[in-house]
Amino acid sequence: AAKGDRGDLEGALDAYGEARRIREATGTLASADGVVLLTNIGVAKRASGNMHAALQAYAEARRIREQTDTLSTPDGAQLLNSIGAAKAGNGDFDSALEAYTEARRIRQATGTLETPDGALLLMNMGVAKRAKGQINGALEEYSVACRIRACTGTLETANGAQLLNCLGAAKCDFGDLQGALDAYREARKIRERTGTLETTDGALLLRNIDLAEKRLLPGMPLVKRDPDAFTI
């Protein structure tokens with residue numbers, strides 16, 4: 001997994017492929033470690049943009065979890081979240097929501113919804129609902145996710161900033177431009193404090209702030225709205 005952390009997806013996939021061949025040869029793929037390997041393969045495939053291959057790996061991991069009766073666990077919920085994210089990446093938001101909903105049910109049953117991983121799941125559900133035009137539903141998911149992150153002390157993170165950006169986008173869709181700006185600006189403060197503003201997600205956030213301010217304050221000069229909006 002370290003290779004993947006360094007961004008060397010090709011090297012990571014080669015290593016995972018070799019590990020898979022060894023497990024298949026020794027008959028140990030259908031095991032707890034085999035599930036972790038397949039999940040890592042799915043994550044790497046998804047990161048490389050190959051959603052079809054990612055879903056194949058996730059499907060294998062799910063089959064093994066079902067066979068070993070470990071799907072209805074926090075790790076199983078995390079796998080379902082990954083499946084949902086890959087399906088969303090393919091534009092299949094209906095199937096994504098099915099996977100997310102199953103993951104949410106498992107997290108509720110295992111008492112792990114009120115966790116950072118639970119907040120990430122709810123954010124993903126909000127993204128899928130917003131993509132389907134269910135703005136009220138998205139806002140509800142984001143609101144609960146924000147509360148969980150605040151309670152777990154994880155709002156002041158890159159993931160927390162991403163959640164606030166999603167919340168702002170949904171508020172903008174809803175017509176609440178001031179609410180959107182409040183969320184965006186809080187996300188910006190978090191990214192500044194965590195050193196994650198000068199990233200792709202940070203640049204998208206600055207663009208969202210500028211667009212929202214243009215809609216809310218159409219006559220205000222750009223420099224007063226956001227003097228650093230285009231520094232990245």
Tell me, yes or no, whether the heavy-atom count around Arg147 atom CZ, taken from other residues, nucleotides or ligands under 6.0 Å, exceeds 12.
yes
Quick one: pull up CZ in Arg65 and CG in Leu71 and give me the separation to the nearest 0.5 Å.
7.5 Å
To the nearest 0.5 Å, how far apart are OG1 in Thr115 and CG in Leu120?
9.5 Å
For the residue pair Ala54 and Gly42, what are the closest heavy atoms and their distance?
CB-O, 3.4 Å
Side chain to side chain, Val127 and Cys166, heavy atoms closer than 4.5 Å:
yes
Shared hydrophobic cluster for Leu181 and Leu205 (ILVMFWY, side-chain gaps under 4.5 Å)
yes
Nearest 0.5 Å please: distance from the NZ atom of Lys45 over to the CG atom of Asn40.
13.0 Å
Hydrophobic cluster membership, with links at side-chain heavy-atom distances under 4.5 Å among I/L/V/M/F/W/Y: are Leu80 and Val43 in one?
yes
Side chains of Asp182 and Gln178: any donor to acceptor distance under 3.5 Å?
yes
With Arg107, the side chain to side chain donor-acceptor pair (under 3.5 Å) member among Glu114, Gln78, Glu102:
Gln78
Tell me whether Met123 is reachable from Ile135 by hopping between hydrophobic residues (I, L, V, M, F, W, Y) whose side-chain heavy atoms are closer than 4.5 Å.
yes
For residues 83-90, run the donor-acceptor check on the side chains, cut-off 3.5 Å, and write out each pair with its distance to 0.1 Å, sequence neighbours left out.
none

Have Asn208 and Asn165 got a donor and an acceptor in their side chains that come within less than 3.5 Å?
yes
Ignoring hydrogens and angles, tell me if any N or O in the side chain of Ser95 forms a donor-acceptor pair with the backbone of Asp92 under 3.5 Å.
no
May I ask you to decide if Ala169's main-chain N or O and Tyr184's side chain share a donor-acceptor pair within less than 3.5 Å?
yes
Are Leu97 and Leu55 linked, directly or through intermediate hydrophobic residues, by side-chain heavy-atom contacts shorter than 4.5 Å (ILVMFWY only)?
no
Close side-chain approach of Arg149 and Asn159, heavy atoms under 4.5 Å
yes
Where do Arg63 and Glu66 land on the salt bridge (Lys or Arg N to Asp or Glu O under 4.0 Å) test, with the steps shown first?
CA-CA 5 Å; Arg63 279 196 297 273; Glu66 288 174 338; over 6 Å; no
With a 4.5 Å cut-off on side-chain heavy atoms, are Leu113 and Leu122 touching?
yes
For Leu211, which fellow cluster members are found when Ile, Leu, Val, Met, Phe, Trp and Tyr are connected by side-chain heavy-atom distances below 4.5 angstrom, either directly or through intermediates?
none
Indicate the atoms forming the closest heavy-atom contact of Tyr16 with Ile41, along with that distance.
CB-CG1, 3.5 Å
With a 4.5 Å cut-off on side-chain heavy atoms, are Asp117 and Leu121 touching?
no
How about Thr194 and Thr157: do any of their side-chain heavy atoms sit closer than 4.5 Å?
no
Is Thr101 reaching over with its side chain to a backbone N or O of Glu98, donor-acceptor style, under 3.5 angstrom?
no
Would you confirm whether Tyr142, through its side chain, and Gly137, through its main-chain N or O, come within 3.5 Å as a donor-acceptor pair?
no
With heavy-atom distances below 4.5 Å as the criterion, would you say the side chains of Leu29 and Leu38 are in contact?
yes
Working to the nearest 0.5 angstrom, can you tell me the gap between Leu216 CG and Asp176 CG?
9.5 Å
Specify the closest pair of heavy atoms between Ala145 and Ala119, including all atoms of both residues, with the distance to one decimal.
CB-O, 3.6 Å
Shortest non-hydrogen contact from Ala138 to Gly126?
CB-O, 3.3 Å
Give the C-alpha distance, both sets of side-chain angles, the deciding distance and a yes or no for side-chain contact (heavy atoms from CB on, under 4.5 Å) between Val35 and Thr70.
CA-CA 10 Å; Val35 167; Thr70 58; 5.6 Å; no
Closest non-hydrogen contact found for Ala170 with Leu139 is CB-CD2, 3.6 Å
Check the pair Arg20, Glu60 against salt bridge (Lys or Arg N to Asp or Glu O under 4.0 Å), reporting the backbone distance first and the verdict last.
CA-CA 12 Å; Arg20 175 177 181 145; Glu60 279 193 84; 2.7 Å; yes
Whether Arg104 and Glu141 form a salt bridge (side-chain N of Lys/Arg under 4.0 Å from carboxylate O of Asp/Glu) is what I want to check.
yes
On a heavy-atom basis, which atom in Ala187 and which in Ala161 lie closest, and how many Å separate them?
CB-O, 3.5 Å
Heavy-atom check, side chain of Ile106 versus side chain of Thr112, under 4.5 Å:
no
Rounded distance [0.5 Å steps], CZ in Arg105 versus OG in Ser72:
5.0 Å
Donor-acceptor pair, side chain of Arg23 and main chain of Thr28, under 3.5 angstrom
yes
Hey, does Arg191 have a side-chain heavy atom less than 4.5 Å from the side chain of Arg188?
no
Examine Phe174 and Leu167 and state if one hydrophobic cluster contains both, with Ile, Leu, Val, Met, Phe, Trp and Tyr joined whenever side-chain heavy atoms are less than 4.5 Å apart.
yes
Nearest-0.5 Å distance, CG of residue Leu9 to CZ of residue Arg46:
12.0 Å
